[in-house]
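Lettering follows sequence order; numbering is per chain, from 1. Here the structure is a predicted model, which means the values were calculated and not measured.
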2 protein chains.
Amino acid sequence: MRVLQTRCTDGFRSRCHWITRGGEDRAAAIRDRLRDAIVDRRLAPGTKLNETEVGALFDVSRTVVRAALQALTYEGLLTSERNRGAFVASPTPDEARHVFDARRLIEPGLVAAAIKRLGPSEIAAFRARLEEEDHVLHQTGPMARRAEINASGDFHLLLARVAGNAIIQRFMEELLARSSLVIALYGRSGASSCGHGDHANILAALEQRDAERASQLLVSHLDHIEADLDLRTKGSLPLREALGGRAG
Amino acid sequence: MRVLQTRCTDGFRSRCHWITRGGEDRAAAIRDRLRDAIVDRRLAPGTKLNETEVGALFDVSRTVVRAALQALTYEGLLTSERNRGAFVASPTPDEARHVFDARRLIEPGLVAAAIKRLGPSEIAAFRARLEEEDHVLHQTGPMARRAEINASGDFHLLLARVAGNAIIQRFMEELLARSSLVIALYGRSGASSCGHGDHANILAALEQRDAERASQLLVSHLDHIEADLDLRTKGSLPLREALGGRAG
DNA sequence: TTTGCCTAGATTGTATGCAATCTAAGCCCG
DNA sequence: CGGGCTTAGATTGCATACAATCTAGGCAAA
C-alpha cells in the first residue's frame, strides 16, 4: 500500500494513466489492450512490438510485457521469432482459409447448442446486439468500419456465449480475433464485409428453433464474408511484409 | 559458446541431463516435459508446481519456468492463482462435460474434412496407429493403462492432423490433453476407457468415405468414453481438493 | 481447548543487469 | 561504384535481487 504509488497515481507521470490497477494482473491488462489494438486494426499486421517500447508505454518492466506478448503469441495474434521479437501476425492466404474452415466447422454446432439454451433473456441479448449493429452501421467515418467489424464479431461471440461451453467460447474468441486480422489483410474495402441482414435472419431461425436453417444461414454468411476477401497470393503482399511492417 | 557449459555438459551435475539444448527454446522444452507428465498422469490434478523447485529440477531460472507455466495455464492444464502459484488443473464435472461436448461438436466436422484428404498414405498412418494400439493393449502392468489412453488419444490426434487445419489441430490437442485430465480424475478404473474396436470401425467407415457413419461411430465412441466416467459430484472430491491436492 | 493475532519463513511478482544475438552503418577492397 | 566484412548499437534471453504477498506455527486471551 505504500510502494504502490511509486508507480502511478500522480496524474502527471503522463504514461500509465490506465494500467497499474493496484494488485490486479498487469500483464493481462496489457495483453487485453494490445489485443484490442490489433483486432481494431490500430496495429497493422507485421508491426513489430518492441518490448522496451511497449514497457515504456505502459510504464512496466519488460518482464511484464514479455508475459503479455507470450499470451498473444499463443493466441495466434502475434508471431514471435527467437532473438528477433514479436510481430503482429500476418496470416497467409492458406491460414486465412483455415480460419474460415474452422469457423464453418464449429459454428453450426454452436447453433445447435445455443438453441437448446435459448430463453427469453438470450433472445433479448441477441436483439440488443442487432440494435447495436444497426446503430454502428448508420454511422460513417474512418472508424465506423472498424466498429462495424467489431460489432459483427460480437454477434458470433454472443452465439458462443449462449451455447454455454467455456472451452468452445474461448476457441471462438480466438477465431474471431484471427478473422479480424484476416479481414485487415485481405478485406476488399468496397464490399460490406459482414452483411448485417444475415445476422437478423440467423436470429430469426434461432427463435424458431430451426437449427438446420440457422446453420445453413450461418455457413453461407461465412462463405459470403470469405468471398469478399482477396486471397490470391499477390507478389506485393509478402514484399510489403518483407519490408518490415507498418502501414506507412 | 563459452558460458553454455556453465550450465550443463558435465555429466555429474545430476540434473539437467535433458533440457539445455544449446540455442533452442528451453521454456518450450520444459512446457512439453511438464505436459507429458500431466497427461501421463505422473502429476496428479491439484499438484502444486513450485517455480523454484521446477527450476532446480531442470536447472533453469524461475524466469524460464514461469514462461512454461504460463503456456500450460493457457492450455488449461494448469490453473494459476495470483500470489499462490500454479496447480495441475482438476476440472469440475461440468468442465469435464464441456470437454466432451466440445469434442462431440468438433470431431464430426473433423471426419468430414479428413475424408476429403484421405489418401493411401493417410490410411497407412491410421493402420499403423491401430497396430500400435493393439501392441499397447496386449501389455499389462501399471503403466499399460497410461499408454493405452495415450495411444487412444493419438488416434483422434491423427484424425485432426489428416484434416489438415493447423488451428483445429491445436484445438484438438488441447481437448485431448484436457480429456486425459478428466479421465485421470473421474475415470472408473474397471472399464476400458477407450474401446479399441471403436477406432477400427471408425477407420473402416473413413476408408469407405462414409462420413455420416464415421461421425456417428465417433460420437457414440465419445459417448461411451464419457459414460465410463463417474461425474457425480461426490462430496469427497471438493473436500479432498480443498485439502490441498495430491493423491495421498 | 479453541480462537484470534502476530511473526518468520516461503513463494510469487516485478525490475534490472548482463550475456548472446541480431541489425545496420561504415569501411575496405575489388 | 558495388559487394562483402567489421563493428557499434539495439534488442532479446536469461538470471538474479528485491518487494509484495501468502502460509504456517506459536502465543496469548477467552
Side-chain angles (χ1 to χ4, degrees), chain A residues 1-9 13 15-16 19-31 46-73 78-88 241-246, chain B residues 1-9 13 15-16 19-31 34 46-73 78-88 242-246:
Chain A
M1 189 189 295
R2 209 176 330 94
V3 189
L4 283 182
Q5 66 254 55
T6 304
R7 191 153 331 293
C8 191
T9 67
R13 189 64 181 82
R15 266 32 182 309
C16 68
I19 299 294
T20 72
R21 303 274 319 148
E24 307 257 326
D25 190 340
R26 298 189 278 170
I30 292 173
R31 160 175 59 80
T47 306
K48 169 160 187 180
L49 296 182
N50 182 301
E51 294 178 357
T52 308
E53 196 175 345
V54 175
L57 224 57
F58 292 105
D59 198 31
V60 296
S61 80
R62 284 175 47 224
T63 306
V64 179
V65 174
R66 284 172 71 86
L69 296 184
Q70 187 192 335
L72 291 172
T73 299
L78 302 180
T79 63
S80 77
E81 301 171 44
R82 186 179 174 89
N83 285 325
R84 291 204 357 100
F87 305 81
V88 178
E241 173 166 6
L243 291 177
R246 251 194 202 286
Chain B
M1 188 189 295
R2 208 177 331 97
V3 189
L4 282 184
Q5 67 251 56
T6 303
R7 188 147 336 288
C8 191
T9 67
R13 189 68 179 80
R15 270 22 183 317
C16 68
I19 301 294
T20 73
R21 302 273 321 146
E24 306 257 329
D25 190 340
R26 298 188 279 170
I30 292 173
R31 161 175 57 81
L34 289 176
T47 306
K48 169 161 187 179
L49 297 182
N50 181 300
E51 294 179 358
T52 307
E53 196 175 345
V54 175
L57 225 56
F58 292 105
D59 200 31
V60 296
S61 79
R62 284 176 46 221
T63 306
V64 180
V65 174
R66 282 174 71 86
L69 297 185
Q70 188 190 336
L72 290 172
T73 299
L78 302 180
T79 63
S80 78
E81 299 170 45
R82 185 178 173 92
N83 284 323
R84 291 204 359 101
F87 305 80
V88 178
L243 291 179
R246 255 196 196 285

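- Annotation: of the two residues near DNA chain C, A/V64 and A/R84, the 5′-most nearest-nucleotide partner is A/V64.
- Between the CD1 atom of A/I30 and the C1' atom of C/dT14 there is a distance of 11 Å, rounded to whole Å.
- Distances shorter than 4.0 Å separate none of the side-chain N or O atoms of A/K48 from OP1 or OP2 on D/dA10.
- Taking both residues in full, the closest heavy atoms of B/A27 and B/A67 are given as CB-CB, 3.8 Å, listed atom of the first, atom of the second, then distance.
- Taking atom CD on B/E51 and atom P on D/dT21, their separation rounds to 16 Å, with Å as the unit.
- Closest to the side chain of A/T63, out of C/dT16, C/dT12, D/dG13, is C/dT16.
- Contact detail for A/L78 and A/V88: the closest heavy-atom pair is CD2-CA, 3.7 Å.
- Among the nucleotides C/dT12, D/dC14, C/dA15, the one closest to the side chain of A/R62 is D/dC14.
- One atom, CD of A/E53, and another, C1' of D/dA10, lie 12 Å apart when rounded to the nearest Å.
- The two residues A/R84 and A/K48 make their nearest non-hydrogen contact at O-NZ, 2.9 Å.
- Here A/R82 does not reach the OP1 or OP2 of D/dT12: none of its side-chain N or O atoms lies under 4.0 Å away.
- As rounded to whole Å, 11 Å separates atom C1' of D/dC22 from atom CZ of B/F87.
- Between the P atom of D/dT12 and the CG atom of B/D25 lies a distance of 15 Å, rounded to the nearest Å.
- Atom CG in A/N50 sits about 18 Å away from atom P in D/dG9, given to the nearest Å.
- The structure places CD of A/Q70 at 11.5 Å from CZ of A/R31, a figure rounded to the nearest 0.5 Å.
- The CD atom of B/Q70 sits 15 Å away from the P atom of C/dT12 (whole-angstrom rounding).
- Closest to the B/R26 side chain, of the nucleotides D/dT21, C/dA15, D/dC14, is D/dC14.
- Contact between B/R26 and B/V60 at its shortest, heavy atoms only, is NH1-CG1, 3.8 Å.
- The separation between A/N83 atom CG and D/dT12 atom C1' is 6 Å, rounded to whole Å.
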